[in-house]
Amino acid sequence: MDAVFYWDMTYKEILAAIKGKSKRQEAELQYQSIIAYHQANLISHLVGISLGSKQNPQALHEAFPGVFPELEKQAQLQLVKQQNWQIMKARIDAYAAEKRKRGEKNGDDN
């Protein structure tokens with residue numbers, strides 16, 4: 001805000017402008033803190049991997065949630081596919097267990 005505009009403002013407008021500026025600074029500080037936190041978390045994962053950790057590095061959408069919505073959607077679709085695969089595996093395991101329970105042999109034993 002420039003000085004000419006400032007002197008034309010009322011007390012209430014000045015107070016609202018100060019509060020607005022304060023809120024913007026607070027939101028920017030929170031945003032920077034979140035980025036710094038996620039960067040530190042990502043670096044710690046990469047250092048752990050370089051020292052022999054078996055964990056996979058975080059994906060970009062996991063390291064910075066909400067910043068890459070298209071990557072998050074793709075990851076959710078992959079997760080749905082994996083869930084379908086897991087359901088199918090569970091059904092096959094249940095079917096095999098039922099066959100074993102009935103005493104049936106494997107199909108290739110004849």
Side-chain angles (χ1 to χ4, degrees):
M1 141 181 28
D2 60 3
V4 175
F5 186 66
Y6 173 79
W7 290 112
D8 290 339
M9 295 173 70
T10 64
Y11 174 74
K12 201 169 187 174
E13 290 171 337
I14 292 170
L15 196 58
I18 290 171
K19 285 183 180 179
K21 177 77 174 180
S22 176
K23 274 194 163 189
R24 280 193 300 274
Q25 286 178 337
E26 184 180 332
E28 182 67 27
L29 183 62
Q30 288 175 346
Y31 177 73
Q32 290 175 356
S33 299
I34 289 170
I35 295 291
Y37 174 80
H38 287 294
Q39 281 179 328
N41 192 19
L42 192 59
I43 289 170
S44 70
H45 271 284
L46 295 176
V47 168
I49 289 169
S50 68
L51 295 176
S53 174
K54 301 289 183 197
Q55 292 182 345
N56 292 328
Q58 288 183 329
L60 190 60
H61 68 277
E62 293 172 346
F64 300 100
V67 179
F68 302 101
E70 292 180 9
L71 293 176
E72 289 180 18
K73 287 180 184 175
Q74 289 178 353
Q76 287 176 349
L77 287 175
Q78 279 186 330
L79 184 62
V80 168
K81 288 180 183 175
Q82 287 176 350
Q83 286 175 346
N84 289 340
W85 175 81
Q86 291 170 344
I87 290 171
M88 290 176 60
K89 183 179 183 307
R91 287 179 182 161
I92 290 171
D93 288 342
Y95 177 73
E98 186 65 31
K99 277 186 87 172
R100 273 186 253 124
K101 188 176 168 185
R102 286 186 278 172
E104 296 179 17
K105 294 185 177 185
N106 291 337
D108 58 352
D109 288 338
N110 291 336

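Computed over heavy atoms, backbone and side chain alike; hydrogens, waters and symmetry mates excluded. Not measured: the values here are computed from a predicted model.
- Considering CZ of Phe5 and CD1 of Ile14, their distance stands at 10.0 Å, rounded to 0.5 Å.
- For Gln76, there are no side chain to side chain contact (heavy atoms under 4.5 Å, CB included) partners at least two apart in sequence or on another chain.
- Chaining together hydrophobic side chains whose heavy atoms lie under 4.5 Å apart places Val47 alongside Ile43, Leu51.
- Taking the side chain to side chain contact (heavy atoms under 4.5 Å, CB included) definition, one finds that Ser22 meets it with nothing, sequence neighbours left out.
- Residues satisfying the side chain to side chain contact (heavy atoms under 4.5 Å, CB included) criterion with Tyr95, sequence neighbours excluded, are Lys99.
- Between atom CG of residue Leu42 and atom CD1 of residue Ile35 there is a gap of 11.0 Å, rounded to the nearest 0.5 Å.
- If you chain together ILVMFWY residues whose side-chain heavy atoms come under 4.5 Å of each other, Leu77 ends up in a group of its own.
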If you look only at distance, which donor and acceptor atoms sit under 3.5 Å apart when one is on a side chain in residues 62-75 and the other is two or more places apart or in another chain?
from: Glu62; atom 1: OE1; to: Ala59; atom 2: N; distance (Å): 3.1
from: Glu72; atom 1: OE2; to: Gly66; atom 2: N; distance (Å): 2.6

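- Clustering of Ile, Leu, Val, Met, Phe, Trp and Tyr by side-chain heavy atoms under 4.5 Å joins Tyr11 with Leu15.
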Run the side-chain donor-acceptor check on residues 23-33: report pairs under 3.5 Å with partners two or more places apart or on a different chain.
from: Glu28; atom 1: OE2; to: Gln32; atom 2: NE2; distance (Å): 3.3
from: Ser33; atom 1: OG; to: Leu29; atom 2: O; distance (Å): 2.8

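- Residue pairs meeting the salt bridge (Lys or Arg N to Asp or Glu O under 4.0 Å) criterion with at least one member in residues 82-93, sequence neighbours excluded: Lys89-Asp93.
- Under the side chain to side chain contact (heavy atoms under 4.5 Å, CB included) criterion, Ala16 pairs with no residue at all, not counting sequence neighbours.
- Residue Leu46 holds its CG atom at 10.0 Å from CG of Asn41, rounded to the nearest 0.5 Å.
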